[in-house]
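Quick notes on the structure that follows.
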Amino acid sequence: MPVDKVSLPVTPPIRILVVDDSAVIRGLITRWLGESGGFEVVGSAGNGRVAVESVERLKPDIVLLDLEMPEMDGLTALPLLLKVQPSAKIIVISTLTQRNAEISLKCLSLGAVDYLPKPESSRVAGALADFQHDLVQKLRALGATKTRHVKPPAAPPASQSAPLKMPPVRPKCLVIGASTGGPRAIERVLSDLGDAAASLPILIVQHMPPMFTAVFAEHLQSLLSLPAREGRDGDALSPGTILVAPGGRHMGLAVINGKPVIRLDDGAPENFCRPAVDVLFRDAAAVFGASALAIILTGMGSDGTHGARALAQSGSTILAQDEMTSIVWGMPGSVSRAGLARETLPLEALGPLVKSIIKKPV
């Protein structure tokens, strides 16, 4: 007997607009995405002015936006693009310089969701291949969020079903892990802590390339009026000081002369990441035990899950950002689904909860 064919739903391709003043870059990206499948490059533009006109007409899901362009640069074009197409996700692409790192972080504060440094030279072995891989991965992760809320939401994790039981010991260190969308999320959480942020050391792993992490630390210091910088090997931990893992190096913890200090190393990437959240979380579990307080924020992949398991086994409290407020619910989703998060909450609820944990007498 003939077997009835089952009609499977067809997932529409992710619509991409490529904005770059280099015809070579536009051509490369268009070819890569065409070969990868699941993408449709609906147009390209050589400057920001043309990009704004194109977005209004083409309605792309994602815009790849170069910074340095004639007539209208990326920073100028960004708010205009979002005004015309508020639902578009914008990834800033730029060469890796101090100035472009600063501008890229400014773009994130204005509504861009991610950044990706261009390879310094196509002659560097593997540089273009790495750029292609990272680009496709980011686009797939961001494109997947187009339809993630169409289905009825699943039942909330068990961690949301009852009020949080306060940790048995006062937290002595706050560790934070994030990736895509992380800079704005970190800013929000730390801003909401208010004066509680001065009560304990704050250690951050944000997936960023070298140079970006130093600029990000400077930005946090300016925003929060707290000392913030990249962590250095052997740094002692001080309450109210924010240490950011330097791009390209793992940041963990060690104990020297009975005191916790920063440990940097150039070990192999974990979860394809260096710095990796897992490294910091594992070491925090070993050094601080139940007195570590951890937050896992928006980001693609699952970095942080193994470290969160070590934290949970040590009695630490782990909080995760929820899906609705995450740019990509990869990292926090992995921790939450594994049952490791004590609470899975909207971004705006995390800071006040952490503040109450820090300030509550125990």
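These numbers come from a predicted model, not from an experiment.
- In this structure, Leu347 and Ala185 approach most closely via the heavy-atom pair CD1-O, 3.7 Å.
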Ser316 and Ser314: CA distance, side-chain angles, deciding distance, side chain to side chain donor-acceptor pair (under 3.5 Å) verdict: CA-CA 6 Å; Ser316 303; Ser314 73; 3.0 Å; yes

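- Put simply, Leu311 and Ile262 are part of the same group of oily side chains (I, L, V, M, F, W, Y) that touch within less than 4.5 Å, one to the next.
- Formation of a donor-acceptor pair under 3.5 Å by the Trp329 side chain with backbone atoms of Gln321 is found in this model.
- Side-chain contact check for Val55 versus Pro60: some heavy-atom pair is nearer than 4.5 Å.
- By the neighbour-count criterion of 12 heavy atoms within 6.0 Å, atom NZ of Lys83 is sparsely surrounded, having that number or fewer from other residues, nucleotides or ligands.
- Both Val189 and Ile357 belong to a single network of hydrophobic side chains, linked directly or stepwise wherever heavy atoms of I, L, V, M, F, W or Y lie under 4.5 Å apart.
- Under the 4.5 Å side-chain heavy-atom criterion for grouping Ile, Leu, Val, Met, Phe, Trp and Tyr, Leu142 is connected to Trp32 within one hydrophobic cluster.
- Separation of atoms OG1 (Thr305) and CD1 (Ile296) is listed at 7.0 Å; rounding is to 0.5 Å.
- Pairs passing the salt bridge (charged side-chain N to carboxylate O under 4.0 Å, His left out) check and including a residue from residues 105-116, sequence neighbours excluded, read Asp114-Lys138.
- One hydrophobic cluster holds both Leu193 and Leu200 under the rule that ILVMFWY side chains link at heavy-atom gaps under 4.5 Å.
- Side chains of Gln137 and Gln132 form no contact here, defined as non-hydrogen atoms less than 4.5 Å apart.
- In this structure, Ile90 and Ile62 have side chains that are not in contact, with every pair of non-hydrogen atoms separated by 4.5 Å or more.
- With a 4.5 Å cut-off on side-chain heavy atoms, Val277 and Ile176 do not count as touching.
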Go through it in stages, so that I can follow the logic: the residues are Ile91 and Tyr115, the test is side chain to side chain contact (heavy atoms under 4.5 Å, CB included), and I'd like the CA-CA distance, side-chain angles, deciding distance and then a yes or no. CA-CA 5 Å; Ile91 300 178; Tyr115 45 83; 5.7 Å; no

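- Taking both residues in full, the closest heavy atoms of Asp192 and Gly351 are given as CB-CA, 3.8 Å, listed atom of the first, atom of the second, then distance.
- Between Ser356 atom OG and Lys359 atom NZ the span is 10.5 Å, to the nearest 0.5 Å.
- Judged by distance alone, the side chain of Asp322 and the main-chain N or O of Thr325 form a donor-acceptor pair under 3.5 Å.
- Taking CD of Gln313 as the reference point, atom CG of Leu340 lies at 8.5 Å (rounded to 0.5 Å).
- Minimum heavy-atom separation, Pro70 to Asp21: CD-CB, 3.7 Å.
- At distances below 3.5 Å, at least one donor-acceptor pair connects side-chain atoms of Ser104 with backbone N or O atoms of Asn100.
- Rounding to the nearest 0.5 Å gives a distance of 7.5 Å between CD1 of Ile327 and NZ of Lys89.
- Judged purely by atom type and a 3.5 angstrom limit, Gln98 has no side-chain atom pairing as donor or acceptor with the backbone of Glu102.
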Donor-acceptor pairs are to be reported for all side-chain atoms of residues 22-30 against protein atoms at under 3.5 Å, with residues two or more places apart or in another chain.
residue: Ser22; atom: OG; partner: Val24; partner atom: N; Å: 3.3
residue: Ser22; atom: OG; partner: Ile25; partner atom: N; Å: 3.1
residue: Arg26; atom: NH1; partner: Asp20; partner atom: O; Å: 2.6
residue: Thr30; atom: OG1; partner: Arg26; partner atom: O; Å: 2.8

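- Under the 4.5 Å side-chain criterion, counting only non-hydrogen atoms from C-beta, Leu139 is in contact with Leu33.
- Ring geometry for Phe272 versus His133: interplanar angle of 30 to 60°, hence tilted.
- Within the 4.5 Å cutoff, no side-chain heavy atoms of Ile16 are placed close to those of Asp61.
- Judged purely by atom type and a 3.5 angstrom limit, Asp66 has no side-chain atom pairing as donor or acceptor with the backbone of Val19.
- Atom CD1 of Ile204 is separated from atom CG of Leu280 by 10.0 Å, given to the nearest 0.5 angstrom.
- The side-chain heavy atoms of Leu67 and Leu65, taken from C-beta on, include no pair separated by under 4.5 Å.
- Side-chain contact, Ser336 with Thr344: a donor N or O sits under 3.5 Å from an acceptor N or O.
- Around atom CZ of Arg140, more than 12 heavy atoms belonging to other residues, nucleotides or ligands sit under 6.0 Å away.
- Residue-environment remark: NE2 (His219) exceeds the threshold of 12 foreign heavy atoms within 6.0 Å.
- Looking only at side-chain heavy atoms (C-beta outward), Lys118 and Leu96 stay at 4.5 Å or farther from each other.
- Within the 3.5 Å criterion, the main-chain N or O of Phe288 finds a donor-acceptor partner in the side chain of Ser291.
- Residues Leu190 and Val354 share a hydrophobic cluster, clusters being chains of Ile/Leu/Val/Met/Phe/Trp/Tyr side chains in contact below 4.5 Å.
- A salt bridge links Glu270 with Arg282; the closest basic N to acidic carboxylate O contact falls under 4.0 Å.
- Taking all atoms of both residues into account, the shortest heavy-atom contact from Ala88 to Leu82 is O-CD2, 3.6 Å.
- The shortest heavy-atom contact between Cys107 and Leu75 is SG-CD1, 3.8 Å.
- Listed by chain and number, the residues in a side chain to side chain donor-acceptor pair (under 3.5 Å) with Asp265 are Arg263 (sequence neighbours excluded).
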Compile the donor-acceptor pairs under 3.5 Å between side chains in residues 238-256 and protein atoms, sequence neighbours left out, one pair per line.
residue: Arg249; atom: NE; partner: Asp266; partner atom: OD1; Å: 2.8
residue: His250; atom: ND1; partner: Ala276; partner atom: N; Å: 3.2
residue: His250; atom: NE2; partner: Ala268; partner atom: O; Å: 2.9

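- When all heavy atoms are compared, the tightest approach of Gly304 to Phe281 is O-CD2, 3.7 Å.
- The OG atom of Ser179 lies 9.5 Å from the CE atom of Met208; values are rounded to the nearest 0.5 Å.
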Residues 39-49 side chain polar contacts: donor-acceptor under 3.5 Å, at least two apart:
residue: Asn47; atom: OD1; partner: Arg49; partner atom: N; Å: 3.0
residue: Asn47; atom: OD1; partner: Val50; partner atom: N; Å: 2.9
residue: Asn47; atom: ND2; partner: Glu71; partner atom: OE2; Å: 3.4
residue: Arg49; atom: NE; partner: Glu71; partner atom: OE1; Å: 2.9
residue: Arg49; atom: NH1; partner: Glu53; partner atom: OE2; Å: 3.2
residue: Arg49; atom: NH2; partner: Glu71; partner atom: OE1; Å: 3.3

Could you walk me through whether Leu17 and Leu64 pass the side chain to side chain contact (heavy atoms under 4.5 Å, CB included) test, one step at a time? CA-CA 6 Å; Leu17 175 68; Leu64 302 177; over 6 Å; no

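- Looking at Ser191, its side chain never comes within 3.5 Å of a backbone N or O of Arg188 through a donor-acceptor pair.
- Under the 3.5 Å distance criterion, the side-chain polar atoms of Asp303 are matched with a main-chain donor or acceptor of Asp278.
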Identify each donor-acceptor pair in which a side-chain atom of residues 222-230 lies under 3.5 Å from a protein atom, sequence neighbours left out, and give them as a table.
residue: Arg229; atom: NH1; partner: Asp235; partner atom: OD2; Å: 2.6
residue: Glu230; atom: OE2; partner: Thr213; partner atom: OG1; Å: 2.5
residue: Glu230; atom: OE2; partner: Ala214; partner atom: N; Å: 3.4

Could you go step by step and tell me if Leu108 and Leu105 meet the side chain to side chain contact (heavy atoms under 4.5 Å, CB included) rule? CA-CA 5 Å; Leu108 293 180; Leu105 287 175; 3.8 Å; yes

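- Of the candidates Ile186, Leu220, Leu297, Gln206 forms a side chain to side chain contact (heavy atoms under 4.5 Å, CB included) with just one, namely Ile186.
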